[in-house]
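Since the structure is predicted, the reported quantities are computational estimates derived from the model, not experimental observations. Within every chain, numbering begins at 1; the chains are lettered A, B, ... in the order of the sequence lines, protein sequences first and strands thereafter.
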Protein chains: 2
Amino acid sequence: MNSLRSGVIKSNRIVFPDGIKAGYLLVQGGKISGFHTHCSAGYIDYSEQIIMPGFVDIHVHGWGRGSFAYKGNNASLKWMSHDLVKAGVTAYLPTSGTMPNAFLEASLAAAAGYIAAATPADGAEAIGIHMEGPYISEKHLGMQRADCLQWPSVEGFEHFNRLAGQNIRLMTLAPELEGALELIRHLRAQGITASAGHTDATFAEISAAIEAGLSHFTHAYSGMRGFHHRELGVVGALMYYQDTYAEVAKQSGITIKPEAFDLLYRLKRDRRLVLMSDCMGYVDFPEGYEFYHYLRKETFRIKQGQLEIATDGGDTRQVCPCDYEAVQQLEMNFLDSVKNIVDRLEHGLVSVARIACENPAFLAGAQDRKGSLLAGKDADILVLDNDLNLLDVYCRGVRQAQIATV
Amino acid sequence: MNSLRSGVIKSNRIVFPDGIKAGYLLVQGGKISGFHTHCSAGYIDYSEQIIMPGFVDIHVHGWGRGSFAYKGNNASLKWMSHDLVKAGVTAYLPTSGTMPNAFLEASLAAAAGYIAAATPADGAEAIGIHMEGPYISEKHLGMQRADCLQWPSVEGFEHFNRLAGQNIRLMTLAPELEGALELIRHLRAQGITASAGHTDATFAEISAAIEAGLSHFTHAYSGMRGFHHRELGVVGALMYYQDTYAEVAKQSGITIKPEAFDLLYRLKRDRRLVLMSDCMGYVDFPEGYEFYHYLRKETFRIKQGQLEIATDGGDTRQVCPCDYEAVQQLEMNFLDSVKNIVDRLEHGLVSVARIACENPAFLAGAQDRKGSLLAGKDADILVLDNDLNLLDVYCRGVRQAQIATV
């Protein structure tokens with residue numbers, strides 16, 4: 001059975017937005033067509049497994065053997081789509097970085113081409129593009145490039161979006177930059193999510209941006225002006241404005257402490273928090289590329305097609321792109337991140353389905369097709385065991401063969 | 001009518017912990033003896049006024065014409081008790097600062113004497129002492145003196161508490177200092193509140209202190225290690241640990257932004273937030289004393305018995321201790337602070353009764369006598385008009401004559 005383009009799944013635990021139910025999930029033409037508590041047709045029996053919607057990763061530069069942000073070509077997206085399903089991700093926004101303009105332009109064009117041609121058999125669906133920069137602040141660069149910053153402009157964005165085949169769904173920008181408010185208003189008018197990230201904005205500047213249409217915060221806490229009680233900054237604003245969304249990266253406990261996650265969750269709850277990966281796909285970085293990972297305190301470089309990692313102490317090791325098991329251990333994957341937080345969420349897997357599926361689908365403008373197992377949505381389905389290990393993945397009804405090998 | 005030691009108050013709006021009710025409040029021997037919806041006895045008719053419990057200020061160095069922290073004598077406490085009722089405060093913890101040891105010792109002894117002799121006619125009741133320091137961090141001094149720091153010790157505390165006639169109810173300390181955890185355990189065993197303030201503690205150090213018995217945070221946000229998502233610090237800890245109390249000073253919008261207050265309120269709610277004044281009583285500072293107020297950006301000095309205030313630009317003005325109207329404008333009073341926040345609280349005056357009366361009474365160990373208008377509590381009663389202007393104050397049933405003059 002390699003396809004469920006049309007068919008029935010039976011399970012005692014199907015995760016819906018309003019709870020976990022036992023019954024039969026009907027699929028037709030790669031879409032969920034309904035849910036019934038009784039069914040006379042033949043079905044695939046996942047009675048003892050958990051059925052939930054595939055994760056939607058709206059902030060992912062690369063994963064596994066592909067890095068869109070650093071290679072920006074068709075192959076990088078093919079690898080990402082192929083490998084992301086192994087982490088439970090069935091839809092994503094390939095996320096560009098703040099790179100040289102020509103590279104950005106070529107990347108966006110490559111994404112447009114890939115999106116137009118991809119099929120469910122290719123794996124996770126690229127449902128648009130997230131641009132992280134180049135309209136960001138030099139004061140909070142993180143891993144972004146200072147020499148590639150640009151000033152926000154509607155014209156500049158429109159140029160990018162034409163190259164991208166009108167596929168840009170999310171822009172991370174610094175709202176305090178000249179021209180940003182006009183761009184935010186423009187994005188809102190087009191239904192594209194504007195998100196504050198890599199920003200030194202004051203609380204007042206964020207307030208003005210929200211008024212203009214800003215609705216989201218990119219990697220909450222990181223790359224933004226911190227909290228102070230007399231100038232609440234960006235962190236204070238994302239804590240304060242309850243209706244705004246905020247995303248957090250993979251929950252390894254390294255980037256942000258678990259308690260910082262809990263605090264944000266307490267303020268945002270299921271309806272406004274978003275889980276994403278912010279993964280990079282290190283092995284697909286360009287030949288000769290080298291950088292220092294300031295959180296890991298290791299130097300990464302690509303040498304003769306392999307990734308070499310050097311510790312501060314001088315120890316080095318190589319990772320071959322051909323070795324997926326080694327590659328995927330370089331970064332925490334989406335599913336492992338979910339495993340790390342599910343017990344701290346108010347409604348367990350139902351909360352996961354909101355913060356990892358429904359909310360990001362909304363921000364990507366794909367809520368009509370993605371984010372839940374309600375009738376009418378794409379049949380992007382995860383089959384999990386009790387320990388949340390992935391047994392099967394369906395992308396628009398097509399069973400992904402590579403899962404069985406993980 | 002100068003006394004309600006025994007009698008009845010009628011009002012259509014009496015603020016109780018569980019809501020605002022119409023009826024008759026009975027007072028006997030200076031204590032609330034009951035609440036009835038009908039009453040045949042004679043009563044004082046406050047039908048159109050609001051009746052609520054007096055405020056309990058657990059962090060007040062001085063107010064009006066008295067400054068306990070800076071004068072540390074009987075007269076300073078007399079003035080504080082006398083003037084605090086004009087701000088709606090009927091019970092308080094005179095709060096010492098981090099001062100020379102001999103001064104501290106004398107202050108504590110003076111407080112012990114004052115507390116033993118004071119009567120309801122003197123005004124607000126000093127229900128114990130709050131010691132702010134000297135066991136605090138040199139890294140977050142605020143207005144405390146670096147040359148007067150001491151290391152925490154059970155012996156040191158016991159010495160202070162003997163001088164204070166066993167009246168210390170609250171200790172603000174830095175939990176990361178050597179000896180602090182042992183002292184916190186000792187305080188817990190005695191039912192004395194340990195509070196983190198003027199502290200550079202890490203999140204882990206606060207966690208250990210909570211384990212030892214720490215239950216409160218002094219002037220939340222100020223004088224403590226700030227929030228960061230990889231080291232949550234003291235601010236992160238007070239946000240994170242839901243069962244801990246946190247106090248905020250008078251809400252003028254200067255010390256902390258209104259949105260920072262709102263955020264803390266959202267995390268603490270009515271049951272864990274505490275309003276206090278942190279007022280100083282500037283006109284009662286010692287002759288010759290001079291300091292720079294870093295928030296106001298003004299220099300305060302006492303010259304020939306008057307307070308001289310000099311702006312950075314060189315303008316000066318004098319305030320005479322005899323002029324209460326001028327004196328009380330130097331600092332926002334407790335009641336004005338309440339007026340500034342009541343509309344932002346979930347349950348209006350009922351919330352006020354919790355954060356300004358019930359919670360601080362608990363932290364001061366006076367929950368058996370103070371903090372609400374339930375039967376058995378002292379008849380510490382405020383009579384307010386619709387705009388929350390103070391019309392009458394009763395301290396343990398004794399009507400305070402000076403209110404009418406305000």
Side-chain angles (χ1 to χ4, degrees), chain A residues 140 142 197 202-207 210 217-244 246-269 272 278 294-297 344 346, chain B residues 140 142 197 202-207 210 217-244 246-269 272 278 294-297 344 346:
Chain A
H140 296 275
T202 61
F203 184 83
E205 286 167 335
I206 294 292
S207 303
I210 289 171
F217 290 88
T218 297
H219 43 54
Y221 297 134
S222 299
M224 51 179 62
R225 185 195 284 257
F227 175 86
H228 189 276
H229 48 286
R230 280 193 286 280
E231 169 46 69
L232 278 76
V234 186
V235 170
L238 73 86
M239 287 178 159
Y240 180 74
Y241 288 111
Q242 294 182 289
D243 286 343
T244 58
E247 63 178 33
V248 287
K250 51 196 173 292
Q251 288 303 298
S252 63
I254 296 172
T255 311
I256 65 173
K257 288 281 176 198
E259 292 87 357
F261 172 88
D262 290 345
L263 193 53
L264 191 64
Y265 180 63
R266 212 180 296 157
L267 290 163
K268 293 295 183 189
R269 314 308 311 177
R272 288 296 182 267
D278 206 356
Y294 65 100
L295 285 181
R296 289 164 171 269
K297 302 191 187 312
R344 302 213 304 279
E346 195 176 1
Chain B
H140 296 276
T202 61
F203 184 82
E205 285 167 335
I206 294 292
S207 302
I210 289 171
F217 291 87
T218 296
H219 42 54
Y221 298 133
S222 299
M224 51 179 62
R225 185 195 283 257
F227 176 86
H228 188 276
H229 49 287
R230 281 193 286 281
E231 169 46 70
L232 278 76
V234 186
V235 170
L238 74 86
M239 287 179 160
Y240 180 73
Y241 287 111
Q242 294 182 289
D243 286 343
T244 58
E247 62 178 34
V248 287
K250 50 194 174 295
Q251 288 302 300
S252 63
I254 296 171
T255 312
I256 64 173
K257 289 281 176 198
E259 292 88 356
F261 172 88
D262 289 345
L263 194 52
L264 191 65
Y265 180 64
R266 211 180 296 158
L267 290 163
K268 294 295 182 188
R269 315 308 310 179
R272 289 296 182 267
D278 207 356
Y294 65 99
L295 285 181
R296 290 164 170 271
K297 303 192 188 309
R344 301 214 304 278
E346 195 177 0

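Nearest heavy-atom pair across A:Arg266 and B:Met239 is NH1-O, 3.2 Å.
For A:Leu264, no part sits under 4.5 Å from any heavy atom of chain B, backbone or side chain. Only the side chain of A:Phe203 comes within less than 4.5 Å of a heavy atom in chain B; its backbone stays farther off. Residue contact with chain B, scored on non-hydrogen atoms closer than 4.5 Å, involves the backbone and the side chain of A:Arg230 alike. For A:Ile256, the parts lying near chain B are the backbone and the side chain together; criterion is any non-hydrogen pair under 4.5 Å.
Taking NZ of A:Lys257 as the start and CG of B:Leu232 as the end, the distance is 8.5 Å to the nearest 0.5 Å. In this structure, B:Phe227 CZ and A:His229 NE2 are separated by 15.0 Å, a value rounded to the nearest 0.5 Å.
For the set A:Ala237, A:Gly226, A:Ser222, the count of heavy-atom pairs under 4.5 angstrom toward chain B peaks at A:Ser222.
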